[in-house]
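Structure first, commentary second.
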Amino acid sequence: MLRTHTCGELRPDRIGSQVSLCGWVDRVRDHKGVIFIDLRDRWGRTQVVVGPDADSTTLAAARAARSEWVLRVTGTVGARPEGTTNPKLATGAVEVVCTAIEVLNEAETPVFQPGATDLPGEEVRLAHRWLDLRRAAMQDNLFLRSRIVKIMRDHCDELGFIDVETPMLGRSTPEGARDFLVPSRLDHGSFFALPQSPQLYKQLLMMAGFDRYVQVAKCFRDEDLRADRQPEFTQLDLEMSFVEADDVIGVIEGLVRRTAREILGLDVALPLPRLTYDECMERFGHDAPDLRYGLEIVDLTPLAAESEFRVFRGAIEAGGRVRGIRVPGAAGRFSRKELDELTAVAVEAGAKGLVWLKVEPDGSWSGPVAKNLTGIAAGLQERLGCGPGDLALVVADSFEVTCKALHTLRKRLGAELGLYDPKAMNFSWVVDFPMFARDTESGGWTAMHHPFTAPKPEHLAFLDSDPASCRAVAYDLVINGSEAGGGTIRIHDSATQEKVFKLLGITAEMARERFGFLLDALRSGAPPHGGIALGIDRWVMLFGGLDSIRDVIAFPKTQKASDLMTGAPAAVEPKQLVELGVRVVAPPKPAAPRPEGG
RNA sequence: GGGGGUGUAGCUCAGUUGGUUAGAGCGCCAGCCUGUCACGUUGGAGGCCGCGGGUUCGAGUCCCGUCACCCUCGCCA
């Protein structure tokens, strides 16, 4: 080793020892007679002192040293003179009195200083990611990620899971998300697809008798990006045989508890609350509700039906609903302009408008349509639980639109009014998802989760009679209103699987071609099985209290799925295309210029 | 694909109603400084105002287009 210690570990007990440290120059403070160099590595920072009595070579090296140079410093650990200790630094009671400096590498002036207080824009950070990753905050994020993944692996290992790797090159399945395709060189015109998840492989591992499988699995989905979505992401993917939903849920609850304790020192009470999908939509308008605050949705349809207000009557007569939320004490907090903004939010979410009502100190309603509601005012207030000073927001529309609009409003108000502690962590399960949803384009059925999800045993008959009412043995883990994982018990008999395929519009022929191996395997002794996949990037983001998934991924992509550091994706040599039998139809764009120094 | 935001020095940003030579802090370079730790201090260098077009006597500022990045809707079985 070039060093005896890291830059984060020297303490007064080492005073007098001869040490060597290696690291980057964080800052130089040249006082002419004495020069201070803060040397930084991933462990911390240590002050190196070059005094006037240092030899001329060492003095010259200290004078020459610049930001981000890589040095090996040799010297003696000294106590800092009284009054010059730095309590902000873990190593702040000592310093290394330098006797020799070896410049391991010089560095060009960095585009930005990793130690600077001003955070550069994300474009700059991504283009110079190696510098960005020197920042303590980013290092902390990746350490956190490493710790969480270790907890996950330990947890599963202790429970008898076997870690199996599954292929990155697989077969494209047109259902679900768009695939990333890889052309075959040996079979022109054929393509591999990168896995959206190891779903079928892990089911086959159950059929092979491994009983408990786990993998930290890279997954790929070629869909548009978001603050919490990347085209390649990592899941803790696991599957278990001879289990019911409660067994899988139990394994994950143990992991939640353990992670919360080890990472945050938080004691999570088990079992976690469970809500059904239907209850979630009714109370929160969303299948991944944020339970850190209230603002629950209240159904006002029966009352509204008694009013003469055309907006309400019209929605109800069209088969819709009238629903609202009470915002306690908010009547005085929102100006007309802000209420117009809330209305715009509701409209953006699909509603035709937003009815807002304030309860005045005397208990009367005020608001643009208050006069239309005189007949039911008392009833509405009672149903919503509104009192003087409260604000009520009401939407009349189809059930889906009221869900969307009120969910969006609820989320916004929760954050804007500071209704929860940003450090609070809330874990819950959402269960009993519908098996099927209507495809808005074709009008046919589409799988709410995926086509291998088992229906609740008591709902099997619905597959024939009423698919919309059929509920799945599905469970989503929700953390602070974010979907942090989702799983199901799978279909383990071929007859049910074939029936579900048929419902989804997959003909027997198509099923045989694409999923023949699965159907064969199901007929060759498939155990009852089920599992779950947890979004590791999201877990780290949520446990780290971060807003962007990019901050927990070492080398993430931009919103247009490009890598600003390497320039990927990029055009390839014509020769490569010929080898692959691939012709580009769109005229190739000139390669994007790479950043200076990149 | 739709909606919104941003783009000015290496970095973070300011830039008024369209007006002469585009500013600040940090960083960089040089001088001074023996106890600083966001060192201090003096001076200096550094600009395709994202890019292209237009309006105007005159554009960082107004208009049109375009590109990049961010947020978001659609999408994400």
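Convention: sequence-line order gives letters A, B, ...; per-chain numbering from 1. The analysis underlying the following values was restricted to heavy atoms, covering all of them including side chains, and did not include hydrogens, waters or symmetry mates.
- Using a cutoff of 4.0 Å between basic side-chain nitrogens and carboxylate oxygens, A:Glu223 and A:Arg229 are not scored as salt-bridged.
- One can place NZ of A:Lys411 at 11 Å from C1' of B:C73, the figure rounded to the nearest angstrom.
- Separating the CE atom of A:Met448 from the C1' atom of B:C76 is a distance of 13 Å, rounded to the nearest angstrom.
- Dashed line: the shortest gap from a side-chain N or O of A:Gln559 to OP1 or OP2 of B:C71 is under 4.0 Å.
- Between A:Phe112 and A:His128, the ring-plane angle classifies as perpendicular under the 30° and 60° cut-offs.
- Contact check of residues 478-502 of chain A against RNA chain B (heavy atom, cut-off under 4.0 Å) returns no residues at all.
- Rounded to an integer number of Å, the gap from CD of A:Glu122 to P of B:U12 is 12 Å.
- Side-chain atoms of A:Val48 and A:Leu71, non-hydrogen and from C-beta on, never get closer than 4.5 Å to each other.
- Every residue meeting the ring pair (Phe, Tyr, Trp, His ring centres under 6.0 Å) condition with A:Phe462, not counting sequence neighbours, appears here in chain and number order: A:His459.
- When atom types are taken as modelled, the side chain of A:Asp537 and the backbone of A:Thr234 share a donor-acceptor pair closer than 3.5 angstrom.
- Using a 30° and 60° split on the angle between ring planes, A:Phe220 and A:Phe180 fall in the perpendicular class, above 60°.
- Ion pairing between A:Glu400 and A:Arg438 fails under the 4.0 Å rule for side-chain N and carboxylate O.
- With both ends at atom C1', the span from B:U36 to B:U72 equals 48 Å, rounded to whole Å.
- The pairing partner recorded for B:U34 is none, the criterion being a Watson-Crick or G-U wobble arrangement whose two distances lie under 3.5 angstrom.
- Remark: P of B:G10 and CD of A:Glu123 are 15 Å apart, rounded to the nearest angstrom.
- One can place CZ of A:Arg135 at 15 Å from P of B:C11, the figure rounded to the nearest angstrom.
- Contact check on A:Asp132 versus A:Arg135 returns a salt bridge, with a Lys/Arg side-chain nitrogen under 4.0 Å from an Asp/Glu carboxylate oxygen.
- For the C1' atom pair drawn from B:G46 and B:G65, the interatomic distance equals 32 Å after rounding to whole Å.
- A:Leu564 places its CG atom 16 Å from the P atom of B:C67, with the value rounded to the nearest Å.
- With a 3.5 Å ceiling on both atom-pair distances, the Watson-Crick or G-U wobble partner of B:U66 is B:G50.
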Practice problem: Encode nucleotides 1-9 of chain B as B, S and - characters from 5' to 3', where the letter depends on protein heavy atoms closer than 4.0 Å: B to the base, S only to sugar-phosphate, - to neither. | Solution: B--------
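- When Watson-Crick and G-U wobble pairs are counted only if both distances are under 3.5 Å, B:G19 pairs with B:C57.
- Under the 4.0 Å criterion applied to side-chain N and carboxylate O atoms, A:Asp551 and A:Arg125 are assigned as salt-bridge partners.
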Practice problem: Determine, for nucleotides 32-39 of chain B in 5'-to-3' order, which nucleotides have protein heavy atoms under 4.0 Å from the base (write B), from only the sugar-phosphate (write S), or from neither (write -). | Solution: SBBBBBBB
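- Between the CZ atom of A:Arg63 and the C1' atom of B:C29 there is a distance of 17 Å, given to the nearest Å.
- Remark: A:Arg27 pairs with A:Arg29, A:Asp38 by the side chain to side chain contact (heavy atoms under 4.5 Å, CB included) rule, at least two apart or across chains.
- Taking 4.5 Å as the limit, every side-chain heavy atom of A:Leu225 sits out of range of all side-chain heavy atoms of A:Thr558.
- Comparing B:U21 with B:G60, their C1' atoms sit 15 Å apart, to the nearest whole Å.
- When the side-chain nitrogen and oxygen atoms of A:Lys557 are compared with OP1 and OP2 of B:C70, none of them lie within a distance under 4.0 Å.
- Among the heavy atoms of the strands lying under 4.0 Å from A:Leu119 are primed sugar atoms or P, OP1, OP2 only; no base atom is included.
- A residue-by-residue look at A:Phe452 and A:Ala116 shows that A:Ala116 has its nearest nucleotide of RNA chain B further toward the 5' end.
- Side-chain nitrogen and oxygen atoms of A:Thr109 include none within less than 4.0 Å of the OP1 or OP2 phosphate oxygen of B:C29.
- Side chains of A:Gln235 and A:Ser197: a donor-acceptor N/O pair is absent below 3.5 angstrom, by distance only.
- Whole-Å rounding puts the A:Arg178 CZ to B:C76 P distance at 8 Å.
- One finds a side-chain N or O of A:Arg550 lying less than 4.0 angstrom from the OP1 or OP2 phosphate oxygen of B:C71.
- Taking the charged nitrogens against the carboxylate oxygens, A:Glu68 and A:Arg40 do have a contact shorter than 4.0 Å, which makes a salt bridge.
- At the heavy-atom level, A:Lys404 lies under 4.0 Å from the strands shown only through sugar-phosphate atoms.
- Residues A:Arg171 and A:Thr173 have side chains that never bring a donor and an acceptor to within less than 3.5 angstrom of each other.
- For the C1' atom pair drawn from B:A9 and B:G4, the interatomic distance equals 29 Å after rounding to whole Å.
- With P as the reference atom, B:C62 and B:U8 are 16 Å apart, rounded to whole Å.
- Look at B:A24: its Watson-Crick or wobble partner, with both distances under 3.5 angstrom, is B:U12.
- Using a 4.0 Å heavy-atom distance criterion, A:Ser548 is classed as making no nucleic acid contact.
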Exercise. Could you walk me through whether A:Leu463 and A:Phe436 pass the side-chain contact (heavy atoms from CB on, under 4.5 Å) test, one step at a time?
Key: CA-CA 10 Å; A:Leu463 289 181; A:Phe436 308 101; 3.7 Å; yes
Name the pairs: protein N/O against N/O of nucleotides 23-25 of chain B, kept only if under 3.5 Å.
none

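- Side-chain contact of A:Thr402 with A:Arg323: a donor-acceptor pair under 3.5 Å is present, judged by distance alone.
- OP1 or OP2 of B:C75 has not a single side-chain nitrogen or oxygen of A:Arg221 nearer than 4.0 Å.
- Side-chain N/O atoms of A:Lys560 include none lying less than 4.0 angstrom from OP1 or OP2 on B:C69.
- Residue A:Pro120 is in sugar-phosphate contact alone, with no base atom involved, counting any heavy-atom pair closer than 4.0 Å across all strands shown.
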